[in-house]
Amino acid sequence: MRARPGKTAVFEQFAADGITYMFGNPGTVEQGFLDEVRRSGVSYLLGLHEGVAVGMADGYARAAQRPALVQLHSGVGLGNGIGMLYQAKRGGSPLVVLVGEAGVRYDAMDGQMAADLVSMAKPVTKYATRVLDPASTLRVLRRAVKIAMTPPRGPVVVVLPADVLDQITTEPAVPTPLLDTSAAPAPATVSRAADILLGARRPLVLMGDGVAVSGAQEELTRVAERLGAPVWGVNSSETNFDTTHALYGGQLGHMFGADSARVVRDADGVLIVGTYVFPEVFPSLQSPFRDDARIVHIDLDAYEIAKNFPVELGVVADPRAALGALAGELERRGPLTPRAPAAARPPVPAATDGESLMERFVRELSAQAPADLAVFDEALTASGPIAAHLPARRPGDFFQTRGGSLGVGIPGALGVKLARPELPVVGFTGDGGSMYTIQALWTAARYGIDAKLVICNNRRYRLLDLNIEQYWRELGIPPHAGPDAFDLSDPELRFSTLAESMGVPAQRVERPDQVEQAVRTMLAHQGPYLIDLATD
């Protein structure tokens, strides 16, 4: 067994696990560790804020379906990254986050930047730990990769004290064994699920990102078509089901439980797969389902099954294996009792003279873009036109913000492009959200990341306008001007100028007659390019 410092051995472990990127922001306590980067096979991607580093890693992990490595600096760096770590935890992104620390020997000193880093990280991670013994450094890193990648996936934090990394270790670097979680339910369980769902007159499917993680899109489609059941997205931020399919119903709301209740209240048989219910900010405290609704919930995350509302049958199994078995059982049972045909998806509206600039832009982008375009959508209030003209159809072609943290749009798109360099990638974000991580433009320029970026600039936190209007309606408060804190117009943010100052060519689009040329220029440009799109 070869003796070498822990700071060298960790890069051998990354190589054994095929990890080639590290997203980070450096600090003094990581200087010895980062000094090893140039002698390794790892490419370090510098973000000028920790939110950029975590956001890029989040997009990379989602698109690559692999662990993404993040480096953060002590308590201050971890603190800056916590908002994005929360999003990664809620969305199940497999991140391995290394947080530097001055050293174990300084524990009693309460020095500058000293903090209980494990306790800081626990609320926003799947697992957090601190390495204390140099002989276990690689063992802990392998454990972190395994935990991050085991469903339910999520971010893991490993605190690495500098004095531990400076010590000698003889641990071998070997690939992390990832667990095979493709467990299928027993035949009797599949038969019972089929009985429940076939007995429904008004079946419904609620699906989430566990479908995409499992690669179960085809199996879900077979089940939905066999049942004639509309499919609605709950915690659904990737392509879990073709959104142009006649059975696709749409997305449930993320804000108010009443929105979800309106969709599910008439269903007497419900299949929930790959998601938790319900992920609203203000969820219903009473069950939104009919009292006689029979519910089947399939997921690899046992915690989420029947967490909030009872189900008749909970199945801890891989969605792909379970749905494949269920589809086969439904097909073996022969012809179904005729059901009312699913309504056809409405066609995309034709262009009109009064269409918004946002609608005009995405319509033109749809017309000019290659068929394999991948979209990262953090536009929030502009997501409707994006969904209409750039619908999620193929696995791996669509990613949406999740978890409620703002700022993932630009770095997330950059991470997707790094993970899938063969795909053209366009990321949409809002003016408010973009300012959380606008520094990501500098990173895009530094490394020549060929993602196209669109900031939907309405000069407000528009989502807050919509939410407070609903709040007024529910409380019977007469409409009036929203809080001044929602306004971003004074002084005006000039994103094209900001982008160019960080090395990214950009163009401001304010009129319909500018759109066609702007889209053409953006798509033809080699390297990052930004459109500052004035929206209403």
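At a cut-off of 3.5 Å, with distance as the only test, no side-chain donor of D163 or Q167 sits close to an acceptor on the other residue. A donor and an acceptor atom, one from each side chain of Y106 and E101, are nowhere located under 3.5 Å apart. Using a 3.5 Å distance cut-off with no hydrogens or angles, the side chains of N240 and D209 do pair a donor with an acceptor. Looking only at atom types and distance, the side chain of R142 has a donor-acceptor partner in the side chain of Q13 under 3.5 Å away. Side chain to side chain, D318 and T181 fail the donor-acceptor criterion of an N or O pair below 3.5 Å. D17 and T176 share a donor-acceptor pair across their side chains, judged by distance under 3.5 Å alone. T443 and R446 share no side-chain donor-acceptor pair at under 3.5 Å. Q87 and T401 share a side-chain donor-acceptor pair at under 3.5 Å. Between the side chains of T429 and E378, at least one donor-acceptor pair of N or O atoms lies under 3.5 Å.
Nearest heavy atom pair, residue V54 against residue M84, reads CG1-CB, 3.5 Å. Nearest heavy-atom pair, I147 versus K126, reported as atom, atom and distance to 0.1 Å: O-NZ, 2.7 Å. Closest of all the heavy-atom pairs between V174 and A16 is C-CB, 3.8 Å. The two residues A374 and L423 make their nearest non-hydrogen contact at CB-CD1, 4.0 Å. The two atoms that bring F428 and C456 nearest to each other are CD2-SG, 4.2 Å, heavy atoms only. Taking each heavy atom of E304 and K307 in turn, the nearest pair found is OE1-NZ, 2.9 Å.
Distance CG/L373 to OG/S366: 8.5 Å, rounded to 0.5 Å. For the atom pair NE2 of H73 and CG of N80, the computed distance is 10.0 Å after rounding to the nearest 0.5 Å. Residue T169 holds its OG1 atom at 5.5 Å from CG of L138, rounded to the nearest 0.5 Å. With rounding to the nearest 0.5 angstrom, the OG1 atom of T28 is 6.0 Å from the CE atom of M113. Within the model, atoms NE2 of H49 and CG of N25 stand 8.5 Å from one another, a figure rounded to the nearest 0.5 Å. One distance of note links CD of Q507 with CD1 of I531; it measures 5.0 Å at 0.5 Å rounding.
Counting only heavy atoms from C-beta outward, the side chains of V277 and L206 approach each other to under 4.5 Å. I410 is listed as a side-chain neighbour of L453, based on a closest heavy-atom distance under 4.5 Å. Residues T243 and F398 are not in side-chain contact: their nearest non-hydrogen atoms beyond the backbone lie 4.5 Å or more apart. Counting heavy atoms from C-beta outward, L380 and R462 have side chains that stay 4.5 Å or more apart. Under the 4.5 Å side-chain criterion, counting only non-hydrogen atoms from C-beta, D133 is not in contact with V164. Side-chain atoms of P5 and I168, non-hydrogen and from C-beta on, do get closer than 4.5 Å to each other. Counting heavy atoms from C-beta outward, Y44 and R38 have side chains that stay 4.5 Å or more apart.
Residues Y21 and Y60 bring their aromatic ring centres within 6.0 Å.
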Which is it for D431 and R459 under the salt bridge (Lys or Arg N to Asp or Glu O under 4.0 Å) test, yes or no, and what are the steps along the way? CA-CA 7 Å; D431 46 353; R459 307 194 304 171; over 6 Å; no

So I455 and L530, side-chain contact (heavy atoms from CB on, under 4.5 Å) or not? Walk me through it. CA-CA 8 Å; I455 296 179; L530 182 136; 3.7 Å; yes

Please assess R62 against S237 for the test side-chain hydrogen bond (donor to acceptor under 3.5 Å, both in side chains), listing each intermediate value before the final yes or no. CA-CA 10 Å; R62 294 173 68 179; S237 61; 3.1 Å; yes

Carefully, step by step, assess R393 and T244 under the rule side-chain hydrogen bond (donor to acceptor under 3.5 Å, both in side chains). CA-CA 7 Å; R393 301 206 62 192; T244 67; 3.1 Å; yes

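A salt bridge is absent between E364 and R520: the closest approach of a Lys/Arg side-chain nitrogen to an acidic carboxylate oxygen does not fall below 4.0 angstrom. Here R130 pairs with D107 in a salt bridge; the nearest charged N to carboxylate O distance falls below 4.0 Å. A salt bridge does not link D242 to R394: none of the charged side-chain nitrogens sits closer than 4.0 Å to a carboxylate oxygen. At a threshold of 4.0 Å, the pair R39-E12 does not count as salt-bridged, since none of the basic side-chain nitrogens sits closer than that to a carboxylate oxygen. Residues D532 and R494 are not paired through a salt bridge, judged by the lack of any N-O separation under 4.0 Å between the basic side chain and the carboxylate.
Other residues, nucleotides and ligands place no more than 12 heavy atoms under 6.0 Å from the CD atom of Q112.
Listed for the Q439 side chain is no donor-acceptor partner under 3.5 Å among the backbone atoms of G47. Formation of a donor-acceptor pair under 3.5 Å by the T437 side chain with backbone atoms of G407 is found in this model.
For F14, the ring-ring contact (aromatic ring centres under 6.0 Å, His included) partners are F11, not counting sequence neighbours. F495 pairs by the ring-ring contact (aromatic ring centres under 6.0 Å, His included) definition with nothing, not counting sequence neighbours.
Applying the ring pair (Phe, Tyr, Trp, His ring centres under 6.0 Å) definition to pairs two or more places apart or across chains, none involves residues 406-425.
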